[in-house]
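Numbered from 1 within each chain, the chains take letters A, B, ... in sequence-line order. All heavy atoms count here, side chains included; hydrogens, waters and symmetry mates do not. Because the structure is a prediction, the values reported are computed rather than measured.
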Amino acid sequence: MQLRHVVSVLTCEILSGDDLLDLDIACCFAADLMSDVLASAPNGALLVTGLASSQMVHTAEVADLAAIVLVAGKRPEVEALAFARQRKLPLLLTGLSMFEVCSLLSQHGLRGAVRKE
Amino acid sequence: MDRDSLYRESFPIKGDDFERGGEVATRVKGLLQQLGLPRDVIRRLSIANFEAEMNVVMYAREATLEVLVFPDLIRVQVVDRGPGIADIDWAMQEGHSTATEAMRARGFGAGLGLPNIQRNTDEFEVKSDVGVGTTLRYAVHTTSRPKEG
Ligand SMILES: Nc1ncnc2c1ncn2[C@@H]1O[C@H](COP(=O)(O)OP(=O)(O)O)[C@@H](O)[C@H]1O
Ligand SMILES: [Mg+2]
């Protein structure tokens, strides 16, 4: 699924990465707990989260995630946004809830991350 | 000990500085990328560095994270000054944590950090002196078969 498709399905506001909408998203990982993301999300995954602090962007950066969707109308902290732009990490906002986001992405064919051992 | 490291660089980390927690892991990732290391090696080290950095931010006063580059491995040591860990076996168990609600609100503090670091590294060691500080040493082999993750 292309990132531009994610944007249209979730009616996202694009805060960072509007030149990266051709990106292919392999799968999705949804969590508010960054240690869970670091433990289990495969690289290239789309991160769906309600965490607005700079740690969500650092998590995506160190774990090589493709992009971030911040849910439930939350706004990222100032440092988080600056950092996402600096590292060219797409950061999308949506007013939809975590459940609605996951449900819609799944309906449009995006798969959950497979946990690898 | 570090007799034939090809390169070494130190990064300071400040305790309680949640706004910046993660910046060191990200800067080190940039360094590892410049070294042209395999993507998987960079990822595993970066995840370990980030968890170690957040532990300093959450529990210690200050620390130095040092990266040592060897021909066949990258070694990292994180030496902090802080309360230390009284029971390392306890702290190493998944889910064991003394984190506060405020720490969990920032996405950490579920007791997964130290196990995450161990899982992502090929060598791992924790030493701690209660009331003095904690030293974490870990390494990832750069020539081994990648652990998929
Ligand atoms: N650098 C440190 N200094 C003091 N205590 C630490 C340090 N790192 C970890 N700890 C202790 O070990 C526990 C487990 O750490 P960790 O596995 O990273 O999980 P978490 O940080 O989510 O609690 C922490 O809750 C804390 O009590
Ligand atoms: Mg931790």
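- Heavy-atom pairs under 4.5 Å with chain A were tallied for B/Arg39, B/Met54, B/Arg20; the largest tally goes to B/Arg39.
- Using a distance-only test at 3.5 Å, with no hydrogens or angles considered, no donor-acceptor pair links the side chain of A/Ser35 to the main chain of B/Phe108.
- Criterion: ILVMFWY side-chain heavy atoms under 4.5 Å apart, direct or through other members. Under it, A/Leu20 and A/Leu46 are not part of a common hydrophobic cluster.
- For A/Thr59, the parts lying under 4.5 angstrom from a heavy atom of chain B are both the backbone and the side chain.
- To the nearest 0.5 Å, atom CG of residue B/Asn116 and atom CE of residue A/Met34 are 12.5 Å apart.
- Of all non-hydrogen atoms in A/Asn43 and B/Arg43, the two that sit nearest each other are N-NH2, 3.4 Å.
- Cluster membership for B/Leu114 and B/Leu65, using ILVMFWY side-chain heavy atoms within less than 4.5 angstrom, is shared.
- Note: A/Glu61 CD to B/Glu23 CD = 12.0 Å, rounded to the nearest 0.5 Å.
- Following chains of ILVMFWY side-chain contacts shorter than 4.5 Å, one cannot reach A/Leu47 starting from A/Val69, and the two form parts of different hydrophobic clusters.
- Transitive grouping of hydrophobic side chains (ILVMFWY, heavy atoms separated by less than 4.5 Å) brings A/Leu3 and A/Leu96 into a common cluster.
- Between A/Val78 and B/Glu19, every side-chain heavy-atom pair lies at or beyond the 4.5 Å cut-off.
- Looking at A/Leu38, the atoms closer than 4.5 Å to chain B (heavy atoms on both sides) sit in the backbone and in the side chain alike.
- One distance of note links CD of B/Glu53 with NE2 of A/His58; it measures 7.5 Å at 0.5 Å rounding.
- Taking every heavy atom of both residues into account, A/Ala39 and B/Arg119 meet most closely at CB-NH1, 3.9 Å.
- No continuous path of hydrophobic side-chain contacts links A/Leu23 to A/Phe29 [ILVMFWY only; heavy atoms under 4.5 Å].
- Without hydrogens or angle criteria, A/Gln55 side chain to B/Phe18 main chain gives a donor-acceptor distance under 3.5 Å.
- Only the side chain of B/Gln33 comes within contact range of chain A, judged by heavy atoms closer than 4.5 Å.
- Remark: B/Arg104 CZ is packed, more than 12 non-hydrogen atoms of other residues, nucleotides or ligands lying under 6.0 Å away.
- Minimum interatomic distance between A/Val62 and B/Lys29 (heavy atoms only, all atoms of both residues): CA-CD, 4.4 Å.
- Inter-residue side-chain proximity for A/Ser54 and B/Arg106 is flagged as met; some heavy-atom pair is nearer than 4.5 Å.
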